[in-house]
Chemist: 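Here you go, one structure.
Chain letters run A, B, ... following the sequence lines, proteins first, then strands; residues in each count from 1.
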Protein chains: 2
Amino acid sequence: MESSSARSGGSTRREATRQKLYEAAVTLIAEQGFSATTVDEIAERAGVAKGTVYYNFASKSVLFEELLRHGVGLLTASLQEAAERTARAGGSRVDALDAMVRAGLVFIDRYPAFTQLYVAELWRTNRAWQSTLMVVRQEAVAVVEQVLREGVAAGEFSDEIDVQLTAAALVGMVLVAALDWKSFQPERSLDDVHAALSRLLQGRVSGKG
Amino acid sequence: MESSSARSGGSTRREATRQKLYEAAVTLIAEQGFSATTVDEIAERAGVAKGTVYYNFASKSVLFEELLRHGVGLLTASLQEAAERTARAGGSRVDALDAMVRAGLVFIDRYPAFTQLYVAELWRTNRAWQSTLMVVRQEAVAVVEQVLREGVAAGEFSDEIDVQLTAAALVGMVLVAALDWKSFQPERSLDDVHAALSRLLQGRVSGKG
DNA sequence: ATTTTTGCACTGACCAGTCAGTTCAAAAAC
DNA sequence: GTTTTTGAACTGACTGGTCAGTGCAAAAAT
């Protein structure tokens with residue numbers, strides 16, 4: 001459609017502005033929350049006039065909603081890719097789960113502010129973007145559930161596991177461990193954290209190593 | 001300390017008012033967030049005049065801060081009690097962990113709104129109550145870490161586990177699974193959810209049941 | 001008699017959203 | 001190839017409303 005360098009009628013400029021606004025909004029909202037973050041702050045950090053925010057987004061809520069959609073979309077794609085890559089390489093479902101744990105850690109490592117904001121909003125009710133959030137969340141969790149189901153069908157996992165709850169628990173494990181990592185031990189390496197979670201995942205905690 | 005019926009010199013009346021304000025604030029803030037919740041709303045839901053809020057708390061922030069302290073205090077006591085009860089009954093450290101998982105579920109079952117609000121605030125930075133939250137969080141997590149350390153010392157757990165990270169991961173597992181339970185499958189029983197998490201905890205997921 | 005609560009008017013700061021006007025690069029006209 | 005026009009993108013002062021917190025006299029509870 002259009003190259004970013006020499007462009008004519010299109011709207012590459014607009015896209016760049018929106019990107020700047022996303023980046024400004026994500027850190028501010030992660031730190032302060034949605035309501036405590038002002039549109040003036042977002043505009044200022046993005047290096048843009050307030051009017052530009054409203055030229056590009058219908059409202060503060062819509063800006064946030066599109067930000068959520070964008071971010072969770074990246075995560076879902078990344079999890080999906082990890083699962084497929086493992087399958088193609090002939091790995092087991094446990095390998096796939098492990099690869100997804102790593103993909104999750106990589107994502108949080110790269111976008112800690114987004115993750116923070118996502119967690120803070122996920123279980124709220126009665127908010128404007130509630131339904132959007134529900135949809136994208138389900139798309140992400142479904143990738144994990146799918147692998148669990150395949151594992152049960154293939155006899156790799158017990159058929160007594162509760163797929164939905166187990167998926168939620170696994171996500172929670174990675175999410176909280178990673179946020180703690182970023183908040184309290186940011187100097188540790190991703191491999192290190194991944195190793196600790198792998199150990200837990202494979203039940204090598206109870207029963208001496 | 002004091003009975004709610006026949007009390008003398010103290011301030012039982014005041015305490016009752018504060019309790020009403022806690023309860024009103026916790027659900028409103030869980031739903032809407034701190035900044036989006038107004039003092040007028042809190043007062044109205046508590047069935048109290050606005051002036052009363054300020055007679056009992058120095059500010060909106062202080063009210064919230066004391067609410068956080070109060071709530072996490074309950075959780076910590078409950079986890080502590082579960083660990084000690086298991087130890088007294090001669091249970092293993094895995095049993096203690098399992099008992100704490102259940103204690104966590106019972107807490108979230110009883111105070112879902114508080115849990116929601118706690119999660120939403122936990123990883124935020126630059127907020128007034130940040131330091132208070134840090135302290136009480138650490139008190140709660142320390143109970144889990146303590147059991148893990150004892151388990152390592154007793155040879156029940158691998159000495160290669162990362163205590164801090166594993167504790168965070170376990171907390172995350174319970175937290176996210178329970179919030180999903182309350183949000184999306186509230187009809188399920190606590191025992192049911194507990195069973196699913198026990199299975200995961202004891203590594204009976206990989207390896208057919 | 002003292003503590004606690006009420007009711008309500010008031011203030012001053014803050015903020016989401018608006019809008020009349022500006023900029024500028026590409027397209028059209030000449 | 002120079003001038004004119006066009007319109008998307010952007011600007012920032014301004015508006016209307018909201019809300020935390022105050023002040024205080026009267027009432028209720030203990």
Chemist: Ignoring backbone atoms, establish whether B/Thr38 has a side-chain N or O less than 4.0 Å from OP1 or OP2 of D/dC19.
Modeler: no
Chemist: Between the protein and nucleotides 17-19 of chain C, list the N/O to N/O atom pairs that are separated by less than 3.5 angstrom.
Modeler:
residue : atom : partner : partner atom : Å
C/dG17  : OP2  : A/Tyr54 : OH           : 2.9
C/dG17  : OP2  : A/Lys60 : N            : 3.2
C/dG17  : N7   : A/Lys50 : NZ           : 3.0
C/dG17  : O6   : A/Lys50 : NZ           : 2.9

Chemist: Inspect the surroundings of CD in B/Gln138 and state if more than 12 heavy atoms from other residues, nucleotides or ligands are less than 6.0 Å away.
Modeler: yes
Chemist: Which whole-number value in Å describes the distance from B/Arg18 CZ to C/dT5 C1'?
Modeler: 15 Å
Chemist: If I take atom CZ in residue A/Arg14 and atom C1' in nucleotide C/dA25, what distance separates them, rounded to the nearest angstrom?
Modeler: 17 Å
Chemist: Please classify the nucleic acid contact of A/Val53 as base, sugar-phosphate, or nothing, using heavy-atom distances under 4.0 Å.
Modeler: nothing
Chemist: Report yes if a side-chain nitrogen or oxygen of B/Thr17 is closer than 4.0 Å to either non-bridging phosphate oxygen (OP1 or OP2) of C/dT4; otherwise report no.
Modeler: no
Chemist: Distance check needed: D/dA8 C1' versus A/Glu15 CD, whole Å only.
Modeler: 15 Å
Chemist: Without swapping roles, check the side chain of B/Arg93 against the backbone of B/Leu148 for a donor-acceptor pair under 3.5 Å.
Modeler: no
Chemist: Check whether any side-chain nitrogen or oxygen of A/Thr52 sits under 4.0 Å from OP1 or OP2 of D/dT11, and answer yes or no.
Modeler: yes
Chemist: Can you find a side chain N or O atom of A/Asn56 that sits less than 4.0 Å from OP1 or OP2 on D/dA8?
Modeler: no
Chemist: Measure from CG on B/Leu63 to C1' on D/dG21 and round the result to the nearest Å.
Modeler: 14 Å
Chemist: Could you check how far CZ of A/Phe57 sits from P of C/dA16, rounded to whole Å?
Modeler: 16 Å
Chemist: Side chain of B/Ser183, backbone of B/Leu179: donor and acceptor closer than 3.5 Å?
Modeler: yes
Chemist: Please report the distance, rounded to the nearest Å, between CD in B/Gln32 and C1' in D/dC19.
Modeler: 14 Å
Chemist: Please check if the side chain of A/Asp95 supplies one atom and the backbone of A/Ser92 the other of a donor-acceptor pair under 3.5 Å.
Modeler: yes
Chemist: Measure up the A/Phe107 and A/Tyr111 rings against each other and bin them: parallel (under 30°), tilted (30 to 60°), perpendicular (over 60°).
Modeler: tilted
Chemist: Could you state the OH-P distance from B/Tyr55 to D/dA25, rounded to the nearest angstrom?
Modeler: 17 Å
Chemist: Kindly assign one of parallel, tilted or perpendicular to the pair B/Trp129 and B/Phe64, based on the angle between their ring planes and the thresholds 30° and 60°.
Modeler: perpendicular
Chemist: Can you tell whether the side chains of B/Arg188 and B/Asp180 come within less than 4.0 Å, N to carboxylate O?
Modeler: no
Chemist: Which sits closer to the 5' end of DNA chain C, A/Glu41 or B/Gly47, going by the nucleotide each is nearest to?
Modeler: B/Gly47
Chemist: Using a 4.0 Å heavy-atom cut-off, does B/Ser35 contact any base of the nucleic acid, only the sugar-phosphate backbone, or nothing at all?
Modeler: nothing
Chemist: Rounded to the nearest angstrom, tell me the gap between atom CD1 in B/Ile29 and atom C1' in D/dA20.
Modeler: 14 Å
